[in-house]
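What follows is a single structure, written as structure tokens, with notes after it.
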Amino acid sequence: MASAAEELDAVVVGAGFSGLYMLHKLQEKGLSVKVFEAGAEIGGTWYWNKYPGARCDVESMDYSYSFDPELEQEWDWTEKYPSQPEILSYLQHVADRYDLRKDVVLRTRVTQASFDESTSRWTVRTDQGHEVSAKYCIMATGCLSKPKFPEVPGLDTFSGPWYHTGLWPDSAVDFSGQRVGVIGTGSSGIQVIPFVADQAADLTVFQRTPNYVLSSFNGPIDQDRVAATKANYRQAREAARQSIFGIAVDMPTKSALEVSDEERREVYQKGWERGHLNAIIQAYTDLIFNEESNETAAEFIREQVRAKVTDPATAAKLEPRGYPYGTKRPCLDTRYYETFNRESVHLVDLREEALIEITETGVRTTAGEYAFDTLVIATGFDAMTGALLGIDITGKGGVSLSKKWQDGPDTYLGLALSGFPNLFMITGPGSPSVLSNMVVSIEQHVEWISDLIDHMTANGHSVVEAEATAEKEWTDHVRAVGDMTLFPKADSYYVGANVPGKARVLMPYVGGVGGYRQRCDEVASAGYAGFAMR
Ligand code: FAD
């Protein structure tokens, strides 16, 4: 354990992709840094989400660090879409390769961070009794790291074992011969369900909102693609940085409504067969802006559901309706729809019978009781703000972050907060974050923060703070751009709708990774416009 009030240059909270790269950059500067990580191992998302089927749905070659050309050349991915164990071993390799572990304190949750105006330093406390004083406090706490539980009572009364996908145990879970209930059909539910079905004697899936699920066509990585990408990695990375979602795709030039039905079908079919998260949503210019255009893609996906699911009543329940395609996190699957053709798998539509409670023996809905041996909770996360608000953060004048954000998260560039000097967020609300290939966004934020620290050192500054006017202008811009799209129309975690009582605000910036990066670069080139330094 650290001695009381150990003095550091920087504290980083979280040791996933964000915290590890931030640590590397700070170590390179020769700064004294400590990373506190609640988990028992580094890796963040890819440590916690060990459920069977956990996988990234950005291609391996794109979902990786670009900061060291040697690293990207030496690492070999085995599949088109990397599995959780493979990403975790990649991050473990990174931690060892750059000697990061020496500054990471595992199994330690930061509980409190407060800014002391007399010293202009952050005091950070943990649940293990650490108290450190740091000039910079960098939140690398993750957008999808605070698990969310079902809104109904009773989970604590269930007599069998239950597993939240985001808190999966280290040892393998065996569902053989069991009656299993899965609650939730978001990205994690869609990934875990086929694997639970492989083992369970009987599986019941409780679905509140059917998802638009594209086939991943995952498999061993195409070695020609590896060779081509490795030969041109710099260009590929740059294209990703300038793209909309952090993944380089050919940009559309037409509206979905200006082509014939046949042409559109062919385009969607090709997109479908590509097995790529953005192949359909970026097929036309207006799918995310115009409901009529969006409906053409939505209906195409519903057709695929009807073709895959043999029982028409089950297919009808699985068909995504009631919100535009792409406005909730889209998913890629491995045998998801086909799983519902198994006799042992049943679907409960919670729009027809509402969930009432979890009982000692199972789940009760308005239509009756379901008995289970084991439950899998796949209800996702309190996204983007959950982990940050899980820490008691107080800035100038003793103002807490929870008070500042009571009507939604106001930030400057999703990176900084007025009233909270020298505190930075990596992929905070108001940045592209969860709407992007997150590694691209993470690297951009880490490098931007790192450059700002260099700028301060070079200019003899010790305190930097976002100006309230800059924060307001940026937040207004984030909301205005969001309102031009269909995103606010869905009850998604993007707008906080999955958490009762959470302010309904579109949290990620939908203006695109490339445009956002340009804005951040302009702010930096203008001497960090919108920031006050002393
Ligand atoms: P995380 O990996 O979430 O790490 C944050 C860490 O901070 C966690 O380990 C947490 O324990 C720690 N922490 C939080 N609060 C505290 C505290 N108070 N004290 C100490 N430690 C704390 N992104 C994509 O781009 N493409 C994908 O296909 C994709 N798939 C995903 C699939 C799943 C199942 C999940 C959950 C997420 C997925 N993501 C995906 C998002 C993923 O979170 C990011 O890509 C990336 O891993 C985020 O890295 P991070 O370091 O910012 O956050």
Side-chain angles (χ1 to χ4, degrees), residues 13-14 18 110 112-115 122 137-148 327-329 380-436 438 441-442 444-445 448-449 465-483 485 487-488 490-513 516 519-520 523 530-531:
V13 189
S18 299
V110 169
Q112 206 181 45
S114 50
F115 186 70
W122 283 91
C137 181
I138 301 167
M139 295 298 178
T141 44
C143 291
L144 301 169
S145 57
K146 182 173 182 204
K148 195 214 144 230
T327 55
K328 283 168 88 88
R329 177 67 159 84
F381 301 92
D382 179 353
M384 304 203 67
T385 55
L388 289 161
L389 293 173
I391 304 170
D392 175 14
I393 304 177
T394 45
K396 279 174 25 184
V399 174
S400 69
L401 185 62
S402 53
K403 180 151 197 320
K404 179 180 170 72
W405 279 1
Q406 62 191 354
D407 298 323
D410 295 1
T411 70
Y412 186 33
L413 299 170
L415 274 161
L417 300 162
S418 123
F420 295 74
N422 290 9
L423 180 133
F424 302 104
M425 298 166 292
I426 301 174
T427 69
S431 73
S433 58
V434 289
L435 287 181
S436 64
M438 289 202 68
S441 293
I442 286 166
Q444 185 241 336
H445 268 190
W448 195 94
I449 294 166
E465 181 185 349
E467 289 167 356
T469 45
E471 179 177 88
K472 180 167 184 337
E473 273 171 31
W474 178 253
T475 304
D476 289 347
H477 172 67
V478 170
R479 310 234 162 113
V481 176
D483 285 343
T485 70
F487 279 100
D491 289 337
S492 65
Y493 72 66
Y494 299 147
V495 300
N498 64 329
V499 178
K502 192 164 172 172
R504 190 179 175 114
V505 169
L506 180 61
M507 294 181 284
Y509 178 55
V510 298
V513 163
Y516 171 79
R519 179 68 183 259
C520 291
V523 165
F531 285 92

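Scope of the values below: all heavy atoms of this structure, side chains included, with no hydrogens, waters or symmetry mates.
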Nearest-0.5 Å distance, [atom1] of residue [X] to [atom2] of residue [Y]:
X      : Y      : atom1 : atom2 : result
Ser400 : Leu389 : OG    : CG    : 8.5 Å
Tyr516 : Leu435 : OH    : CG    : 12.5 Å
Tyr509 : His477 : OH    : NE2   : 2.5 Å
Met425 : Met139 : CE    : CE    : 9.5 Å

Would you confirm whether [X], through its side chain, and [Y], through its main-chain N or O, come within 3.5 Å as a donor-acceptor pair?
X      : Y      : value
Ser433 : Ser431 : yes
Lys146 : Ala383 : no
Arg504 : Pro488 : yes

- Check whether the ring centres of His445 and Trp448 lie less than 6.0 Å apart, and answer yes or no.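 No; Trp448 has its ring centre 6.0 Å or more from that of His445.
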
Give me the atom names and distance for the closest heavy-atom approach of [X] to [Y].
X      : Y      : answer
Tyr493 : Met507 : O-CE, 3.2 Å
Tyr494 : Thr327 : CD1-O, 3.3 Å
Gly482 : Thr485 : O-OG1, 2.7 Å
Ser441 : Pro432 : OG-CB, 4.3 Å
Asp491 : Lys328 : O-NZ, 2.9 Å
Leu388 : Ile393 : O-CD1, 3.6 Å

- Message: Going by the rule side-chain contact (heavy atoms from CB on, under 4.5 Å), which residues pair with Asp392 if we only count those two or more places apart in sequence or in a different chain?
- Response: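 Expected list: Gln112, Thr394.
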
- Residues two or more places apart in sequence or in another chain: which of them pass side-chain contact (heavy atoms from CB on, under 4.5 Å) with Val399?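 With sequence neighbours excluded, Val399 shows a side-chain contact (heavy atoms from CB on, under 4.5 Å) to no residue whatsoever.
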
- Take Cys520 and Gln444 through the test side-chain contact (heavy atoms from CB on, under 4.5 Å) and record every step on the way to the result. CA-CA 9 Å; Cys520 291; Gln444 185 241 336; 3.4 Å; yes

- Task: Apply the test side-chain contact (heavy atoms from CB on, under 4.5 Å) to residues Lys472 and Asp410: give CA-CA distance (whole Å), side-chain angles for both, the deciding distance (0.1 Å), then the verdict.
- Result: CA-CA 7 Å; Lys472 180 167 184 337; Asp410 295 1; over 6 Å; no

- Are Arg329 and Ser492 close enough that some pair of their side-chain heavy atoms sits under 4.5 Å apart?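 They are not in side-chain contact.
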
Do [Y] and [X] meet the salt-bridge criterion of a basic N to acidic O distance under 4.0 Å?
X      : Y      : value
Arg479 : Asp483 : no
Glu471 : Lys404 : yes
Asp382 : Lys502 : yes

All N/O donor-acceptor pairs, side-chain side in residues 411-424, below 3.5 Å, sequence neighbours left out:
| residue | atom | partner | partner atom | Å |
| --- | --- | --- | --- | --- |
| Thr411 | OG1 | Gly414 | N | 2.9 |
| Thr411 | OG1 | Pro429 | O | 2.8 |
| Tyr412 | OH | Ala529 | O | 2.8 |
| Asn422 | OD1 | Val464 | N | 2.8 |
| Asn422 | ND2 | Lys135 | O | 3.2 |
| Asn422 | ND2 | Ser462 | O | 2.9 |

